[in-house]
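Inspection log for the structure reproduced underneath, given as structure tokens.
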Amino acid sequence: MLLVTAKRILLAVFIFTFVKCANVQAQPKVLHTGVSIKQLAVLGHNTVRIRRDPVTGDLYVLQNNGIIQRVNFSSDSSSATLTTVYTTSDHGLNAPLGMTFGSDGTMYLVGNDSTSVLGTATIVKGIPDTVGGETRTWSVIATTVPYAYGNIYNHRMSGIILNPTGDSLYVNSGAGTDHGEVENGYREVGLTSIILRLPVDGNDVILQDDRSWLRSNGYLFCEGIRNEFDFAYDGNGDLIGVENSGDRDDPEEINWLRPGLHYGFPWRISTDITPQQFTPYDSHSDPLLSPYAWGGGNLYKTFSNDTSYPAAPDSITFTYPIPSYGPDADHFRDTATGQVMDASQSGTTISSLTPHRSPDGIAFDRDSILAGDLKGSGFVISVATSRLVSDLGDTSQDLLVVNLVKDTGNYAAHVTRMISGFNSPLGEELVGNRLFVAETGLEQPNGAPKLWEITLPTSGATGIKTTNEKSATFQLRQNYPNPFNPTTKISFSVPELAEFTLSVYNLLGQKIRTLVHGTVAPGDHVVEWDGRNSQGQSVPSGVYFYRLSQGSRVIATDKMILLK
């Protein structure tokens, strides 16, 4: 068995070639009403991505050994087989980590090659020779000069996505260190811990290992990221990324990525200040440093009193991750005492997820076609296999629902666990109400990695088992303001004199307050909710549903978010 820590996921993908799997993985456990999951196929241990070609509708699986396979569904869509369509001999990349498609079906890949500490990264595109065809003409958009991206902490270039106008690619280039320490004589360099912006029509661009050069030539999108392994656009058109923290117990990040901003690394990880930049630093008394962190006997060498740690430039204003109100994936250690805390239960927030979960995939219901609390939500998979996260009282290898809400120009998140028990999931793709999750299967006892299809409820099958029969005669409108604190107004219209009920429910489908119950005249009505339950107690921050019904008939349901 190959044992891998959460933070070494990319290194493991590079060196994992073959494992004999003696046991069978159990079915992942669904924790949300109206959601179902089924296994489609068995995957290779090198699997890193799954993406859909918008022209053909086909799904493609990317392996880190250069193989790209098409997913072929059975006639009844109950299972699938895989057909290899491209290899390194086609696209030229020995170790690709990222894949995306353009609206015209062009495939974009990013890959890495290394010799010891130094290496290069290359971004290529494959344009279909015919519309919807699989024969492609490949070319190099850009490649880097050799640069130092570390040894143990080797994050390389991975996530890749097109901007909404389709003229630029954003490419993640992860950190070469854990927390900005010296690795093999190098700290972070010009081409590490940044997100690049590259033109899709670029032709053999040579990217220099110089931050000023990248900035002046328009290739630097943002900086100060540690490892934004995946990113996606939400329904507002904003780019949201998931980022791994280091081996110290600093929270994992969900970032709203914007041009020209600096997200703190290496001087800050999440909202925690990196202590090695100050002297004296004693790693043995650091309350956020676990003896199970990567490095083994070298742990306290890596986390050392770093007297030459560079100071943060005075000109930098750091941008912080999105805060989460939980209730799941929100454990952390108190930076003074080391005590494990549950953020939502202790009345605070975390920016953004429990340390060491290793979030590595994100997708959004951009068109808001899903029901209930899933409407417009993001879906985040986490790959960690380490004891580090369990020591914090949390789990990983799961699928989270992330509700993002903008408040005064910034985002806040509400996070719940939807499915647990995956085998190191490393890729996801949302197609309508079907979410596909591809595992890489790092842990031998869990068996071979699988491709899973998750079916999510659309309107008419919400998390509290209601129907949604909005029409011109009955209207239940979005509450205002939303999110709100402490009060919000709900308006609705009914066409006839009859008895109606308007009630508020929590995420578990439990009724917490009835706002209207009785005879209602035809026309428009407005009701105010003060954020209290039927006992007059203030309810906590989170997602709530309001439902209009007539007798046993549910007319409409919508959601609202209380942020305190």
Side-chain angles (χ1 to χ4, degrees), residues 1-13 16 19 21 23-32 35 37-50 61 64 158 227 229-230 242-245 247 249 251-254 290 292-294 324 326 328-331 352-363 378-402 415-430 435-454:
M1 183 195 310
L2 180 62
L3 297 178
V4 188
T5 66
K7 298 305 163 189
R8 303 288 62 75
I9 177 62
L10 295 185
L11 180 63
V13 168
F16 204 121
V19 174
C21 299
N23 300 294
V24 179
Q25 177 189 3
Q27 178 90 357
K29 183 178 180 181
V30 176
L31 308 173
H32 191 290
V35 174
I37 185 171
K38 64 182 178 183
Q39 177 186 325
L40 291 176
V42 175
L43 300 174
H45 283 281
N46 292 291
T47 300
V48 290
R49 302 283 177 179
I50 180 169
V61 172
N64 187 239
S158 53
N227 184 30
F229 192 75
D230 197 20
V242 288
E243 176 173 328
N244 301 165
S245 68
D247 283 335
D249 289 346
E252 314 279 62
E253 301 181 14
I254 303 176
S290 168
Y292 302 104
W294 177 264
S324 169
D328 293 332
D330 63 338
H331 292 190
S352 308
L353 302 171
T354 304
H356 313 297
R357 297 185 112 262
S358 294
D360 59 284
I362 185 169
F379 301 91
V380 172
I381 52 174
S382 298
V383 70
T385 61
S386 169
R387 175 176 175 174
L388 292 170
V389 67
S390 61
D391 279 356
L392 291 163
D394 199 357
T395 61
S396 184
Q397 304 203 69
D398 55 14
L399 176 65
L400 301 174
V401 179
V402 178
V415 178
T416 54
R417 185 177 288 105
M418 188 170 77
I419 297 179
S420 63
F422 284 113
N423 183 10
S424 304
L426 201 58
E428 66 173 310
E429 181 83 325
L430 181 62
L435 182 66
F436 298 92
V437 173
E439 300 173 329
T440 193
L442 292 176
E443 290 296 319
Q444 179 182 345
N446 288 335
K450 310 292 196 311
L451 173 60
W452 301 95
E453 179 183 336
I454 301 159

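Note that the structure is a prediction, hence the values are computed from the model and not measured. FYI, the numbering just counts along the sequence from 1.
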Between Ser158 and Asn227, is any pair of side-chain heavy atoms under 4.5 Å apart? yes
Could you tell me which non-hydrogen atom of Ser324 sits nearest to which non-hydrogen atom of Gly326, and how far apart they are? OG-N, 3.0 Å
Just how far is it from atom CZ of Phe229 to atom CZ of Arg49, taken to the nearest 0.5 Å? 4.0 Å
Check whether Ser358 reaches the backbone of Ala384 with its side chain - one donor and one acceptor, N or O, closer than 3.5 Å. no
State whether the number of non-hydrogen atoms from other residues, nucleotides or ligands found under 6.0 Å of Lys38 atom NZ is greater than 12. yes
Just how far is it from atom CD of Gln27 to atom NZ of Lys450, taken to the nearest 0.5 Å? 9.5 Å
Euclidean distance, Ile381 CD1 relative to Met418 CE, rounded to 0.5 Å: 11.5 Å
Within the 3.5 Å criterion, strictly below it, is a donor on Glu252 or Ser245 matched to an acceptor on the partner's side chain? yes
Any side-chain to backbone donor/acceptor pair from Glu428 onto Ile362? Under 3.5 Å, distance only. yes
Measuring from atom CZ of Arg357 to atom CG of Leu392, what distance do you get when rounded to the nearest 0.5 angstrom? 10.5 Å
When Asp360 is tested against each of Asn244, Leu426, Asp230 for side-chain contact (heavy atoms from CB on, under 4.5 Å), which residue passes? Leu426
I'd like to know if the side chain of Ser382 and the backbone of Gln397 have a donor-acceptor N/O pair within less than 3.5 Å. no
I need the minimum non-hydrogen distance between Ile50 and Gly427, along with the two atoms involved. CG2-C, 3.7 Å
Does the structure place the NZ or CZ of Arg417 under 6.0 Å from the centre of the six-membered ring of Phe422, at an angle of no more than 45° from the ring's axis? no
Before you tell me yes or no, could you show the steps for Ile37 and Val437 under side chain to side chain contact (heavy atoms under 4.5 Å, CB included), namely the whole-Å CA-CA distance, both residues' side-chain angles and the distance that decides it to 0.1 Å? CA-CA 10 Å; Ile37 185 171; Val437 173; over 6 Å; no
If I compare all heavy atoms of Asn423 with all of Ala448, which pair ends up nearest, and what's the gap? ND2-O, 4.0 Å
Polar side-chain atom of Ser424 near backbone of Glu439 as donor-acceptor pair, under 3.5 Å: no
Quick one: are Phe379 and Leu400 in side-chain contact, heavy atoms under 4.5 Å? no
Side chains of Thr395 and Ser420 in contact at under 4.5 Å (non-hydrogen atoms): no
For Pro355 and Val389, work out which heavy atoms get closest and say how close. O-CG2, 3.7 Å
Euclidean distance, Ile419 CD1 relative to Trp452 CH2, rounded to 0.5 Å: 9.5 Å
Side-chain heavy-atom pair Thr47, Pro449 within 4.5 angstrom cut-off: no
Side chain to side chain contact (heavy atoms under 4.5 Å, CB included) between Leu31 and Lys29, intermediate numbers included: CA-CA 6 Å; Leu31 308 173; Lys29 183 178 180 181; 3.9 Å; yes
Rounded distance (nearest 0.5 Å) linking atom CD1 of Ile454 with atom CG of Leu399: 5.0 Å
Asp330 side chain vs Ser352 backbone, donor-acceptor pair below 3.5 Å: no
Nearest heavy-atom neighbours spanning Ala329 and Asp394: CA-OD2, 3.3 Å
